[in-house]
Amino acid sequence: MVTQSNISKEIISELKTNDHINKAFQTTYLSNNIKIQLNCEGNSAYEKVSFPLKYGLFSRIETPDYIFEFNLNNEIKHAKSKTKAWIHPSEWLKRTIGNDWIYYSTGGYSGVFEALGEYYLPNLMYPTNSLIGGKPFEDNEIDTIVKNWHQIISQLPDKNMPDNFHQWFEAIRHHSPESLEKKAQMLFDISGSRVTVMPPDARHVDYNIIPLNITDGCLYKCQFCKVKNKKKFSIRSQQNINDQIIRLKQLYNKDIINYNALFLGEHDALNTPSNLILNAVRKAYHTFELHKSYMKGTYLFMFGSVDSLLNADKHLYKKLNDLNFKTFINIGLESYDQTTLNILGKPLSAKKVGQAFKKIQDINDTFINIEISCNFVMDETLPDSHYDTLMTLIRENINSPKPKGTIYLSPLKFGSPSRQVLYDFYKLKAQSRYPTFLYLIQRL
Ligand code: SF4
């Protein structure tokens, strides 16, 4: 039988012999000032650990002051400084395929895991709803890397390097900040828009997803929501989806073997005929050759709504469960309190939210490969009835702790960390019988 780990071994052996990638597998080049390691093997499974872990296959260049890492397309992926000025030796910068820099901080290891379910806190360059973390992008050393990484590597000496290292060096210099920005724009063009919000469950793969839009827009256009767009909800044609898949494969190129996760966009992919969802997933799985991924397991993420969840074809969940994926569907419930739903401008009844919550638990209890998580909002200004009714759902209505069906609590305000909201979160988390974490809103 062809297993994922057999295939990964094949890929690695191909890298060893494949001329256009590298003549010497995991070979190291050392000179006075630089060390290059080609085709490093990072971890092949996503893990939640309190030390820095790199995933996938990548290459690295180290100077007396910096470490830079590059993906299999020779595009910069991670960076950190080795100087004393760097905030913490276990922290690093990551560049996303959407060309954002993210600073992964330990938060002193206190409270980050309890709050996010991860040991590292992603600090973003743009306004979001984070309650914890500082302003690392104001730090000089971080700012220097973000602004000058290309200049730094361009100035490194490359004389007398063996050919394969020299070629690699040329290739990484070729990918300037401008060309990486263009590539990000190409990604957004494929689906017609940027992913303005990723499902919170994408944290399980460190947000390394391939985005495929099978729908546009959303059903409710809630007043409170900062990530919605103006598009009327619509479903993409099979032809459009197939075209996106082909273009995505070209864009991710050689680095696609470092991916094992698909995100079906946009804000309500569940509101789609089940055949369209299943065909898109199967087509993407085969075209992207996810079974050959270096990363173990295969993940599927999408958003759904109360209506799409309640109306979905009853066979869909069984069919999703039978795919080769761990599927995570995130539903925005926001509140089980009618007054709060009205304040939020969410056109739903509390009764329907209650029905959706019940159905979510039934699906989570029935299907081992599916987890449906849900979101509720948090804010100091919301009435007590919001928190009282939430407590009914996540504590009073069940007798024992549940291992799945994560509850994500999403602060309403952007760029406004509040001690009170953080305190309220910990209080709710302590009483919840479900895994309960903060939802940090991140784009791709
Ligand atoms: S919360 Fe969801 S349904 Fe409401 S406007 Fe935002 S994306 Fe649309």
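When a residue number appears, it is its place in the shown sequence, counting from 1.
Nearest heavy atom pair, residue Met198 against residue Phe303, reads C-CZ, 3.6 Å. Nearest heavy-atom pair across His175 and Asn74 is CD2-O, 3.3 Å. Here the closest non-hydrogen pair linking Pro403 and Pro435 is O-CG, 3.5 Å. Residues Tyr426 and Ala115 share a closest heavy-atom pair of OH-CB, 3.7 Å. Taking all atoms of both residues into account, the shortest heavy-atom contact from Leu180 to Glu75 is CD2-CG, 3.6 Å. Between Leu309 and Ala356, the closest heavy-atom pair is CD2-O, 3.5 Å.
Proximity of His78 to Tyr104: side-chain heavy atoms (C-beta onward) are nowhere separated by under 4.5 Å. Annotation: side chain of Thr436 is in contact with side chain of Phe425 (closest heavy-atom distance under 4.5 Å). Side-chain atoms of Ile97 and Ile210, non-hydrogen and from C-beta on, never get closer than 4.5 Å to each other. Between Ile67 and Arg60 there is a side-chain heavy-atom pair separated by less than 4.5 Å. Using a 4.5 Å heavy-atom cutoff, the side chains of Glu371 and Thr406 are in contact. Here the side chains of Leu116 and Phe437 are not in contact, with every heavy-atom distance at 4.5 Å or above. Side-chain contact between Met378 and Leu428 is present, with heavy atoms from C-beta onward closer than 4.5 Å. Between Asn258 and Phe58, every side-chain heavy-atom pair lies at or beyond the 4.5 Å cut-off.
Remark: Ile331 CD1 to Tyr408 OH distance equals 13.0 Å, nearest 0.5 Å. How far CG of Asn129 is from OH of Tyr439: 8.5 Å, rounded to the nearest 0.5 Å. Distance check, rounded to the nearest 0.5 Å: CH2 of Trp101 to CH2 of Trp149 gives 6.5 Å. In this structure, Ser335 OG and Phe224 CZ are separated by 10.0 Å, a value rounded to the nearest 0.5 Å. Taken from CG in Leu219 to CZ in Phe233, the straight-line distance is 6.0 Å, to the nearest 0.5 Å. Taken from NZ in Lys404 to CG in Asn364, the straight-line distance is 5.0 Å, to the nearest 0.5 Å.
No donor-acceptor pair under 3.5 Å is formed between the side chain of Asp216 and the backbone N or O of Ser234. The main-chain N or O of Glu138 is never found under 3.5 Å from a side-chain atom of Asp143 such that the two would form a donor-acceptor pair. Of the possible polar contacts, one joining the Thr392 side chain to the Thr389 backbone as a donor-acceptor pair under 3.5 Å is found. Between the side chain of Lys228 and the main chain of Cys222, a donor-acceptor pair closer than 3.5 Å is present. Remark: the backbone N or O of Lys254 is paired with a side-chain donor or acceptor of Asn73 at under 3.5 angstrom. In terms of modelled atom types and a separation under 3.5 Å, the side chain of Arg236 and the main chain of Ile241 share no donor-acceptor contact. Asp189 places no side-chain N or O within 3.5 Å of a backbone atom of Gly192 that could act as its donor or acceptor partner. Checking side-chain atoms of Gln431 against main-chain N and O of Met391 turns up no donor-acceptor pair under 3.5 Å. At distances below 3.5 Å, not a single donor-acceptor pair connects side-chain atoms of Asp100 with backbone N or O atoms of Thr96. Between the side chain of Gln338 and the main chain of Ala350, a donor-acceptor pair closer than 3.5 Å is present.
Atom NZ of Lys318 sits in a sparse spot, with 12 or fewer heavy atoms from other residues, nucleotides or ligands closer than 6.0 Å. Around NZ of Lys226, the count of heavy atoms belonging to other residues, nucleotides or ligands within 6.0 Å exceeds 12. For CG of Asn140, the number of neighbouring non-hydrogen atoms (other residues, nucleotides, ligands) closer than 6.0 Å is 12 at most. Atom OH of Tyr126 is surrounded by more than 12 heavy atoms from other residues, nucleotides or ligands within 6.0 Å. The environment of NZ in Lys147 is sparse: at most 12 heavy-atom neighbours from other residues, nucleotides or ligands sit within 6.0 Å.
Side-chain contact check for His150 and Ser176: no donor-acceptor pair (N or O, by modelled atom type) lies under 3.5 Å. Judged purely by distance below 3.5 Å, without hydrogens or angles, the side chains of Ser308 and Asp268 pair a donor atom with an acceptor atom. No hydrogens or angles considered: a donor-acceptor pair under 3.5 Å links the side chains of Asn330 and Asn375. Looking at Ser130 and Thr128, their side chains never bring a donor and an acceptor atom within 3.5 Å of each other. Side-chain contact, Asn229 with Glu266: a donor N or O sits under 3.5 Å from an acceptor N or O. Checked by atom type, the side-chain pair Tyr46/Asn208 shows a donor-acceptor distance below 3.5 Å. Side-chain atoms of Thr298 and Asn260 form no donor-acceptor pair, as typed in the model, at a separation below 3.5 Å.
A salt bridge links Lys54 with Glu69: the closest approach of a Lys/Arg side-chain nitrogen to an acidic carboxylate oxygen falls below 4.0 angstrom. Salt bridge status for Glu118 with Arg203: present, with a side-chain N to carboxylate O gap under 4.0 Å. Between Lys402 and Asp365 there is a salt bridge, with a side-chain nitrogen of the basic residue lying less than 4.0 Å from a carboxylate oxygen of the acidic one. Residues Asp206 and Lys94 are paired through a salt bridge, judged by an N-O separation under 4.0 Å between the basic side chain and the carboxylate.
Aromatic rings of Trp92 and Tyr120 (six-membered ring for Trp) have centroids within the 6.0 Å cut-off, being under it.
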Residues Tyr259, Tyr252; criterion ring-ring contact (aromatic ring centres under 6.0 Å, His included); working and verdict: CA-CA 9 Å; Tyr259 286 80; Tyr252 279 72; 4.8 Å; yes
Evaluation steps, side-chain contact (heavy atoms from CB on, under 4.5 Å), between Arg282 and Leu323: CA-CA 8 Å; Arg282 289 192 189 111; Leu323 293 174; 4.0 Å; yes
Test side-chain contact (heavy atoms from CB on, under 4.5 Å) applied to Ile172 and Ile76, step by step: CA-CA 7 Å; Ile172 60 165; Ile76 192 158; over 6 Å; no
Test side-chain contact (heavy atoms from CB on, under 4.5 Å) applied to Ile398 and Tyr434, step by step: CA-CA 10 Å; Ile398 49 164; Tyr434 295 88; 3.4 Å; yes
CA sep, side-chain torsions, deciding dist, call: Leu251, Lys183, side-chain contact (heavy atoms from CB on, under 4.5 Å): CA-CA 8 Å; Leu251 186 110; Lys183 181 158 180 182; 3.7 Å; yes
Verdict with supporting geometry, His204 and Phe328, ring-ring contact (aromatic ring centres under 6.0 Å, His included): CA-CA 10 Å; His204 297 308; Phe328 292 84; 4.9 Å; yes
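Tested against Leu344 for a side-chain contact (heavy atoms from CB on, under 4.5 Å), the candidates Asp379, Thr339, Val377 yield a single pass: Val377. Under the ring pair (Phe, Tyr, Trp, His ring centres under 6.0 Å) rule, Phe325 has a single partner from Tyr285, Phe367, Tyr299, which is Tyr285.
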